[in-house]
Amino acid sequence: MNIPFVDLKAQYNSIKPDIDNAIQNVLAETAFIRGKYVKIFEEDYAKAYGVKHCIGVGNGTDAIYILLKMLGIGQGDEVITVANSWISTSETITQAGAKPVFVDVEQDYFTINPNLIEAKITKKTKAIIPVHLCGQVADIAKIKTICNKYNLFLIEDCAQAHFSQYQQQNVGTFGDAATFSFYPGKNLGAYGDAGAIITNNDKLAEKCRMYANHGALVKHFHYMEGINSRLDGLQASILSAKLPYLDGWIQKRQEVAQLYNNLLGDLPEITRPKIRLNSRHTFHLYMVRAKNRDELRTYLQEKGIPTFIHYPTPLPFMPAYKYLEHTAEDFPVAAAYQHQILSLPIYPELSKKEIEYVAENIKSFYTSKKTKKKLVSFNKEKF
């Protein structure tokens, strides 16, 4: 059996008429840049999220960069973020002119450890960017309390957490603003790069919209120098077509995760993902910690089961941040987990039979490891 890590074709086939119609509408009206369909998606997404403003941009990385710039963060400033994330979260801090300050992750949740944040705050600190990784909610209540205490901006990176919730409140609505990626593999994915910013701050929303459009709200009238980061009409129309299905897809992801939990529950070699109390985990990724991770990954690949490592090297240990001179002792949890974390296939269309196949092969791998260990022990005793 061969199982895809993510099956975007299956998703397309399940709603093919809606997607085809969404694309055809844009082609028929040649509404390629900004325009009607971008406005429709922005309004629909803002309404679904319960916020005043949604600003569509080119991608999730741009969304973070634009927010940092429009919040006035730049040269000489520091921004705190998590050690285990995709580099977009930290590189945009540097691109804005500030310095990224990394904090280790919580042991159970792969998100920033709020108990370690205050020790990293200095007079130069201007913001905190927690990442709601894998669809898991960061400890946003504690982080918000810290931001209020020190008068810091709170920017939520929701690239992997569309409509994840804490105490029935959507992530992305706790801080000053939030950013989203609609990369094709995300729970809500476009058919190319796309992203968005959401906020309830009228002035900030206007500034972000201007900056993403060369500093202009009206063509040829530029209030500032900006960048070109615009959500295009095709991607916006596709996202609008998918949005009504998202809640159902999330429920199916949760069902897949629960079945994995049930099937893998008796394996001491696998640490299953925990769900934060009073939260809604949307399972963009099903990420476990596995003993003999690399051997397991090779074994599963041979059985037609692809896996991924999110992320193989914590950000502070990247060559890009060598100048910060961090060591493994600075981030012990992230340093340890980089050798254990493994993401298993998960998507709404994944069948029970396929999930069972994945679990059976994980079990057979560890059974064979134990058998070999016993044989080696027996042979040593015999001779």
Side-chain angles (χ1 to χ4, degrees), residues 4-63 66 135 158-163 170 172 178-198 205 208-210 212-214 216-220 226-253 282 284 345-351:
F5 185 76
V6 175
D7 194 344
L8 297 180
K9 187 173 182 180
Q11 185 190 77
Y12 166 66
N13 287 333
S14 71
I15 57 169
K16 186 177 185 298
D18 295 328
I19 296 296
D20 290 351
N21 186 57
I23 293 172
Q24 186 57 45
N25 287 341
V26 176
L27 295 177
E29 298 181 38
T30 63
F32 300 126
I33 302 295
R34 298 180 68 83
K36 172 182 174 180
Y37 293 101
V38 173
K39 184 178 180 181
I40 289 173
F41 172 71
E42 289 177 338
E43 290 175 350
D44 288 348
Y45 199 67
K47 182 179 179 181
Y49 242 89
V51 295
K52 293 170 69 176
H53 304 284
C54 171
I55 303 97
V57 296
N59 52 71
T61 305
D62 283 358
I66 291 165
C158 302
Q160 297 185 0
H162 311 75
F163 295 96
N170 290 328
T179 62
F180 293 85
S181 168
F182 301 119
Y183 186 78
K186 295 295 195 293
N187 289 13
L188 179 62
Y191 287 170
D193 276 319
I197 297 164
I198 64 169
C208 288
R209 192 175 295 281
M210 280 194 293
N213 189 41
H214 296 289
L217 292 175
V218 179
K219 194 171 184 178
H220 302 307
I227 62 172
N228 180 14
S229 181
R230 298 175 295 201
L231 177 62
D232 72 68
L234 277 170
Q235 305 306 337
S237 190
I238 290 165
L239 290 169
S240 289
K242 286 187 173 188
L243 186 57
Y245 295 96
L246 182 56
D247 191 61
W249 290 338
I250 289 171
Q251 290 180 30
K252 288 181 180 178
R253 285 177 174 273
T282 53
H284 168 60
I346 186 167
Y347 49 92
E349 298 80 15
L350 194 64
S351 69

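FYI, side chains are in, hydrogens and waters are out, and symmetry mates aren't considered; it's all heavy atoms of this structure.
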**Student:** Sequence neighbours excluded, which residues qualify as ring pair (Phe, Tyr, Trp, His ring centres under 6.0 Å) partners of F32?
**Tutor:**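 Listed in chain order: nothing, the list is empty.
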**Student:** Test side-chain contact (heavy atoms from CB on, under 4.5 Å) on F41 and Q235; report intermediate values, then the result.
**Tutor:** CA-CA 9 Å; F41 172 71; Q235 305 306 337; over 6 Å; no
**Student:** Would you mind reporting whether D232 and V38 have side-chain heavy atoms less than 4.5 Å apart?
**Tutor:**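 They are not in contact (no side-chain heavy atoms under 4.5 Å apart), so the answer is no.
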**Student:** Is the side chain of T282 donor-acceptor paired with the backbone N or O of A161 at a distance under 3.5 Å, no angle test?
**Tutor:**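 It does not hold such a pair.
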**Student:** What residues form a salt bridge (charged side-chain N to carboxylate O under 4.0 Å, His left out) with K252, not counting sequence neighbours?
**Tutor:** none
**Student:** Please report the shortest heavy-atom distance between A196 and A63, naming the atom on each side.
**Tutor:** O-CB, 3.6 Å
**Student:** What's the separation between atom CD1 in I66 and atom CD1 in I227, rounded to the nearest 0.5 Å?
**Tutor:** 4.0 Å
**Student:** Please name the pair of heavy atoms, one in A194 and one in L231, separated by the smallest distance, quoted to 0.1 Å.
**Tutor:**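 Shortest heavy-atom contact: CB-CD1, 3.5 Å.
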**Student:** Tell me, please, which residues at least two apart from H214 pass side chain to side chain donor-acceptor pair (under 3.5 Å).
**Tutor:**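 Side chain to side chain donor-acceptor pair (under 3.5 Å) list for H214, sorted by chain: empty.
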**Student:** I need the full list of salt bridge (Lys or Arg N to Asp or Glu O under 4.0 Å) pairs touching residues 44-57, with sequence neighbours left out, sorted by first then second residue.
**Tutor:** K52-D202
**Student:** Could you list the residues that satisfy side chain to side chain donor-acceptor pair (under 3.5 Å) with T30, not counting sequence neighbours?
**Tutor:** none
**Student:** For R230, check salt bridge (charged side-chain N to carboxylate O under 4.0 Å, His left out) against everything at least two apart and list the hits.
**Tutor:** none
**Student:** How long is the span from the CG atom in N13 to the CG atom in L8, to the nearest 0.5 Å?
**Tutor:**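 The CG atom of N13 sits 11.0 Å away from the CG atom of L8.
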**Student:** In Å and rounded to the nearest 0.5 Å, what is the CD1 to CG distance from I197 to D62?
**Tutor:** 9.0 Å
**Student:** To the closest 0.5 Å, what do you measure between OG (S14) and CD1 (I19)?
**Tutor:** 8.5 Å
**Student:** Quick one: side chains of residues 238-249, donor-acceptor pairs under 3.5 Å with protein atoms, not counting sequence neighbours, listed by atom name and distance.
**Tutor:**
unit_1, atom_1, unit_2, atom_2, d
S240, OG, A236, O, 3.2
K242, NZ, Q11, OE1, 2.7
K242, NZ, G189, O, 2.7
Y245, OH, D18, OD2, 2.3
D247, OD1, R280, NH2, 2.6
D247, OD2, Q251, NE2, 3.0

**Student:** For Y49, what residues pass the side chain to side chain contact (heavy atoms under 4.5 Å, CB included) criterion, not counting sequence neighbours?
**Tutor:**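 Checked Y49 against side chain to side chain contact (heavy atoms under 4.5 Å, CB included); matches are Y45, V51, F163, N170, V171, T173, F180, I198.
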**Student:** Among all residues two or more places apart in sequence or in another chain, which pass the salt bridge (charged side-chain N to carboxylate O under 4.0 Å, His left out) test with E43?
**Tutor:**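 E43: no salt bridge (charged side-chain N to carboxylate O under 4.0 Å, His left out) contacts found.
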**Student:** Return the CG to CD1 distance between N21 and I15, rounded to the nearest 0.5 Å.
**Tutor:** 11.5 Å
**Student:** Who pairs with Y37 by ring pair (Phe, Tyr, Trp, His ring centres under 6.0 Å), at least two apart in sequence or on another chain?
**Tutor:**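 If we apply the ring pair (Phe, Tyr, Trp, His ring centres under 6.0 Å) test to Y37, skipping adjacent residues, there are no hits.
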**Student:** Heavy atoms only: give me the nearest K186-Q160 pair and the separation to one decimal.
**Tutor:**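 Shortest heavy-atom contact: CE-CG, 4.1 Å.
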**Student:** Which residues pass the side chain to side chain donor-acceptor pair (under 3.5 Å) test with E42, not counting sequence neighbours?
**Tutor:** R209
**Student:** Can you name the nearest heavy-atom pair linking E349 to D7, along with the distance?
**Tutor:**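 Residues E349 and D7, closest heavy atoms: OE1-O, 4.1 Å.
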**Student:** Using the test side chain to side chain donor-acceptor pair (under 3.5 Å), find all partners of K16 that sit at least two apart in sequence or belong to another chain.
**Tutor:** D20
**Student:** To the nearest 0.5 Å, how far apart are NZ in K36 and CD in E29?
**Tutor:** 4.0 Å
